[in-house]
Amino acid sequence: MNPAQEDILGAVRQWKDAGKDVALATVTLTWGSSPRPVGSQLAIDGAGNMVGSVSGGCIEGAVVKEALDAIKDGKPRLLDFGVTDEQAWDVGLACGGKVQVFVEKVG
Amino acid sequence: MKLSTLDALQAARAARRPVVLVKRIADGEEVLIFKDRAEGALASDAAAVAAGRAALESGKSETVETASGKLFVQAFIPPQRMIVVGAVHIAQALVPMAAMSGFDVTVIDPRRAFASDSRFPGVTVLTDWPDEAMERLKPDPATAVVTLTHDPKLDDPALIVALNSDAFYVGSLGSRNTHAKRKARLNEAGITDAQFARIHGPVGLNLGGRSPAEIAISILAQIIQVRSAQAAEREPRERAA
């Protein structure tokens, strides 16, 4: 595997090996000008540390919050972000695109 | 994601084996689709397996609505390769940037003083003769080849293998003058004008930079440009979307 490219799944494994709780967020759908393509991933540990990205930094904060909830209740969730969405407006998807992000606990 | 799924994914990626992860959005249940088998909770779900097989062909990740509900299909296709001939100063800038850009990079240079692992940490460095190494690596449509040695006895054999392959990009460092001489030599060696025309030379986009890092950026920029143009040609429908 390419060592210089960010290996998000590798980071997930390392965190799990270190006994941490981990959630994984994946971009599953995009409309319009979204910053990161479908399949982009963000790994989050129980302390809120992040590896990877699901946007240009616009929605990561909101995704981390949901990820921590997913770690607690173990349930996967599908999040919608876009200009028509109140919450997304708050967190500011400035590019005007829309994205759907699937968040799940790992392991 | 189950840990067993994660580990199977990582193993496939390390071995450069294409694999597709299909996930049911409603409950997160998964199946991994390989060329020859399906593994996971949804392995007996016909719709999930069919969606995964299609993605294994297309390489496309997407959300699909099926008889089994909403599925997310994620294709893990092995990264494109970049073969860099010449472990020179420009290569030291190009190799890490190419790796960051998602290329699986191999450096070839039979001169061991250049091709030391310490100059290229974490990257495959081969000290074989370029033609032998290239024959073994077999450039395919997912491979870019760049020669940087300036030395005909190293660059030319590599270029000959590259031009007889389906490499999506072939570039060679050298001035217009050097490139003209190269053409004469390669013609002599049986490379046709049409084959020679595939070489990007002088290599790289004309950004006006002079330093090794700047030249590396111009080369990588050109490779990304060529790759994107070819992808757009293959999928005109998506480009319009």
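Values below: all heavy atoms of this structure, side chains included; hydrogens, waters and symmetry mates excluded. So you know, we letter chains A, B, ... as the sequences are listed, proteins then strands, and number each from 1.
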* Asked: What part of V22(A) is in contact with chain B, defined as an atom under 4.5 angstrom from a non-hydrogen atom: side chain, backbone, both or neither?
  -> neither

* Under 4.5 Å from a heavy atom of chain A, the part of E62(B) involved -> backbone

* Supply the atom-to-atom distance R81(B) CZ to T143(B) OG1, rounded to the nearest 0.5 angstrom. => 3.5 Å

* Who wins among T28(A), V106(A), L24(A) for the most heavy-atom pairs under 4.5 Å with chain B? -> T28(A)

* **Contact origin within L29(A) toward chain B - heavy atom pairs under 4.5 Å** => both

* Region of E29(B) in contact with chain A, defined by heavy-atom distances below 4.5 Å -> neither

* Asked: Non-hydrogen atoms of chain B under 4.5 Å away: do they reach the side chain of T26(A), the backbone, both or neither?
  -> side chain

* Structure fact -> Cut-off 4.5 Å, heavy atoms of chain A, and the answer for D7(B) is side chain

* Can you tell which part of L9(A) gets under 4.5 Å to a heavy atom of chain B, answering side chain, backbone, both or neither? => both

* **Residues D21(A), K72(A): salt bridge by 4.0 Å N-O rule** => no

* **R136(B) bridged to D128(B) by N-O distance under 4.0 Å** => yes

* Asked: How far apart are the C-alpha atoms of D73(A) and K75(A), what are their side-chain angles, what is the distance that settles it, and do they pass the salt bridge (charged side-chain N to carboxylate O under 4.0 Å, His left out) test?
  -> CA-CA 5 Å; D73(A) 66 20; K75(A) 289 189 187 113; 5.0 Å; no

* To do: Answer with side chain, backbone, both or neither: which region of I25(B) has an atom nearer than 4.5 Å to a non-hydrogen atom of chain A?
  => both

* Asked: Counting N and O atoms only, with roles assigned by atom type, does the side chain of T5(B) sit under 3.5 Å from a partner on the main chain of M1(B), one being a donor and the other an acceptor?
  -> no

* Working for side chain to side chain donor-acceptor pair (under 3.5 Å), residues R227(B) and Q230(B) -> CA-CA 5 Å; R227(B) 162 172 89 174; Q230(B) 291 181 355; over 6 Å; no

* Does any donor atom in the side chain of T106(B) or T124(B) lie under 3.5 Å from an acceptor atom in the other side chain? -> no

